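Take a look at the structure below.
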Amino acid sequence: MKESFKAIKITDNVYWVGAIDWTIQDFHGYSTKRGTTYNAYLIVDDKITLIDTVKSKFKRELLARISSVVSPEKINYIISNHSEMDHSGCLPEVIKLVKPEKVFASKMGVKALTAHFPGNADIAEISPVENLGSLSLGKLTLKFIETKMLHWPDSMFTYIVEEKILFSQDAFGMHLASNNMFADEVEESVVYYETAKYYANILLPYSDRILKLLEQVKEMKLEFNFIATDHGPIWRKDFEKVFNWYLKWAEQKPEKRAVIVFDTMWGSTELMARAISEGIKSEGVSSIILHLAGNHRSDIATEVLCAGALIAGSPTINNKMFPTMADLFCYISGLKPKNLIGFAFGSYGWSGESIKQLEEELKNMDIEITGPGIKAKYVPDNEVLKECFNRGVEIAKKLKTQ
Ligand code: FEO
C-alpha cells in the first residue's frame, strides 16, 4: 500500500494526500456516476500540517500518500475544515496514530466533531480557532475564515497567506474521480456540469450565504494561486470563471428554459409532456423533458438550477401521485430553487388526485402557478393535447417577458 499510493506535489510546501473513490454511485441521495475524491493536503513547514482527512475506508490510502513525503508521526497539526464524515471519518484513528501536538477546527467544528465521535478523548481535545484568526507554521501563515452552512454550520476555509492557496472544503468542488489533479486538465463541459451539479444538490439552499461570501472574498482582496477543494480536481486558474458561475447560480436569475418532469403509467402523461414541450418550442424557447424512470433526482435538480419553469406531470395511482414524483419533490423542495413558474398535469382513470397533489408541491416551493392543472381521463384526446400545447405556448411567452 505504502509504495502504491503517492502524494502529488502542488507547490514545494504543499502536497495532495487524499483518496480517489472511483466506485461511489450514491452520495447521500446524490448520484455520483463519475465517482469522487476526498481531498486532504499536507503542508510541510516547521509545523507539518494535515488539512482534513478522508472517508474512513480510505484511511490506508491517505496514510500511504502522507508516508511518501514524511512519516505520519511527524505531523504536528491537523486542521479539520469540515466535520462531515467524508472528511473526518478517519480523524480519530489518524489522531491516535499521529499524536499531533494540536488539532484545530472552527468553534462549531469542535462541537460537531465531538457529537460525531462521542466519548473520544482525542476529539474532546480539539482546539477552536477564531474566525479570521491566524496560525504560524514557521515560514507559512494560515488564516481561517468561517463559512457557516457551506456546507454545514462548522465549515471553514483555511488560506495560506504566503502561497495564496485557499483550502475551500466543499465550496467550488465537484464529485469527479480523476487522475488529473487540476480542473483545467479535465474536459471543460464535464467540469462545468459537475460543478453545477454539486452546487444544485449541495449548496443551492445556502445561496444567500454564497453571495455574502463572494462579497467577503472580494473585500478581503484575497489572491489565489490555487483553490484546493475537498472534492474533485484543484483550481489553479479560471478563478473568476468559477466565481462567476457561483454568482449566477446563487442569484438564481431565471433563464428562458423550461424543465418538464414526469412519470407515466401507460404513456398518457408522457404524451401530454410532449405536447407541452411542442408548445414551448413553437415560441422558440428551450425545454427539456425528463422521465423519472431514466433520470436521477440529483440530475433533475441540476437541470432546474437557473431554469425559468418547472412543469410536473404524474398519473394517479391509488389516489396518489406516482411514488417517483413524491421522491423528487421531497428532495427538490429541500434545495429551495427560486424564481420558477409552472403547472401540473397528468392522466387519471377515475379520481385524478395526483394533479392537485403536484400543484400543492409546486405551490409549497413558491413556484408561481400559471394555470389550473391539466387532466386527461385515461388517454388525452386532441382537445386535451391542444390545451397542453397552448399552455406550453403560454409559459414560453411568460418566460420571454421575464
Ligand atoms: Fe464533502 Fe459536506 O462534505
Side-chain angles (χ1 to χ4, degrees), residues 16-41 50-59 61-62 78-92 94 103-117 123 126 144-158 166-178 181 183 191 194-210 213 227-235 242 246 249-250 298 301-302 331 334-336:
W16 175 85
V17 290
I20 307 177
D21 189 345
W22 293 97
T23 58
I24 187 170
Q25 294 286 299
D26 182 283
F27 190 96
H28 61 45
Y30 169 156
S31 83
T32 47
K33 297 282 183 213
R34 288 190 168 109
T36 194
T37 65
Y38 312 108
N39 297 337
Y41 302 94
L50 178 65
I51 308 269
D52 282 323
T53 61
V54 296
K55 198 173 181 179
S56 179
K57 80 179 223 193
F58 294 94
K59 182 191 73 176
E61 188 171 329
L62 168 79
I78 299 177
I79 292 165
S80 170
N81 274 340
H82 182 19
S83 61
E84 194 164 6
M85 296 289 246
D86 47 334
H87 311 297
S88 71
C90 64
L91 182 61
V94 171
V103 181
F104 299 98
S106 68
K107 286 178 194 158
M108 295 297 280
V110 172
K111 288 183 186 168
L113 289 166
T114 306
H116 273 82
F117 305 103
I123 294 290
I126 295 177
F144 306 107
I145 303 164
E146 279 184 1
T147 57
K148 283 182 185 169
M149 300 316 299
L150 306 177
H151 151 233
W152 277 11
D154 55 85
S155 297
M156 69 173 186
F157 288 171
T158 297
L166 181 72
F167 300 101
S168 64
Q169 42 91 29
D170 279 351
F172 311 117
M174 68 196 91
H175 284 313
L176 176 63
S178 173
M181 190 76 265
V191 168
E194 294 301 341
T195 308
K197 184 170 179 177
Y198 197 90
Y199 189 95
N201 286 277
I202 302 283
L203 297 173
L204 184 63
Y206 314 113
S207 288
D208 290 348
R209 287 175 183 267
I210 298 263
L213 178 69
I227 295 180
T229 66
D230 268 0
H231 295 293
I234 295 169
W235 298 95
V242 70
Y246 264 49
W249 299 329
S298 55
T302 311
Y331 182 79
L335 297 173
K336 301 185 173 64

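In this chain, numbering begins with 1 at the start of the sequence shown. Read the numbers this way: they start at 1 and go in the same order the structure lists the ligands and their atoms. Keep in mind that this is a model prediction, so the values were computed, not measured.
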Acceptor/donor pairs from residues 84-91 side chains to any protein atom, 3.5 angstrom cut, sequence neighbours excluded:
residue : atom : partner : partner atom : Å
E84     : OE1  : H82     : NE2          : 3.4
E84     : OE1  : H151    : ND1          : 3.0
E84     : OE2  : H28     : NE2          : 3.3
D86     : OD2  : H231    : NE2          : 2.9
H87     : ND1  : D230    : OD2          : 3.4
H87     : NE2  : D170    : OD1          : 3.3
H87     : NE2  : H231    : NE2          : 3.3
S88     : OG   : S83     : O            : 2.8
S88     : OG   : E84     : O            : 3.4

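Counted by atom type alone, Y199 and S207 present one or more donor-acceptor pairs between their side chains at under 3.5 Å.
Taking the six-membered ring where tryptophan is involved, the planes of F27 and H175 are tilted, since the angle between them lies from 30° to 60°.
With sequence neighbours left out, the side chain to side chain donor-acceptor pair (under 3.5 Å) criterion links K111 to no other residue.
Counting only protein atoms, the N, O or S atoms lying less than 2.8 Å from atom 2 (Fe) of ligand 1 are H82 NE2, E84 OE1, H151 ND1, D170 OD2, ordered by chain and residue number.
Side-chain contact between L62 and V17: present, with at least one pair of heavy atoms (C-beta onward) separated by less than 4.5 Å.
Sorted by first and then second residue, the salt bridge (charged side-chain N to carboxylate O under 4.0 Å, His left out) pairs involving residues 194-206 (not counting sequence neighbours) are R34-E194, K197-D299.
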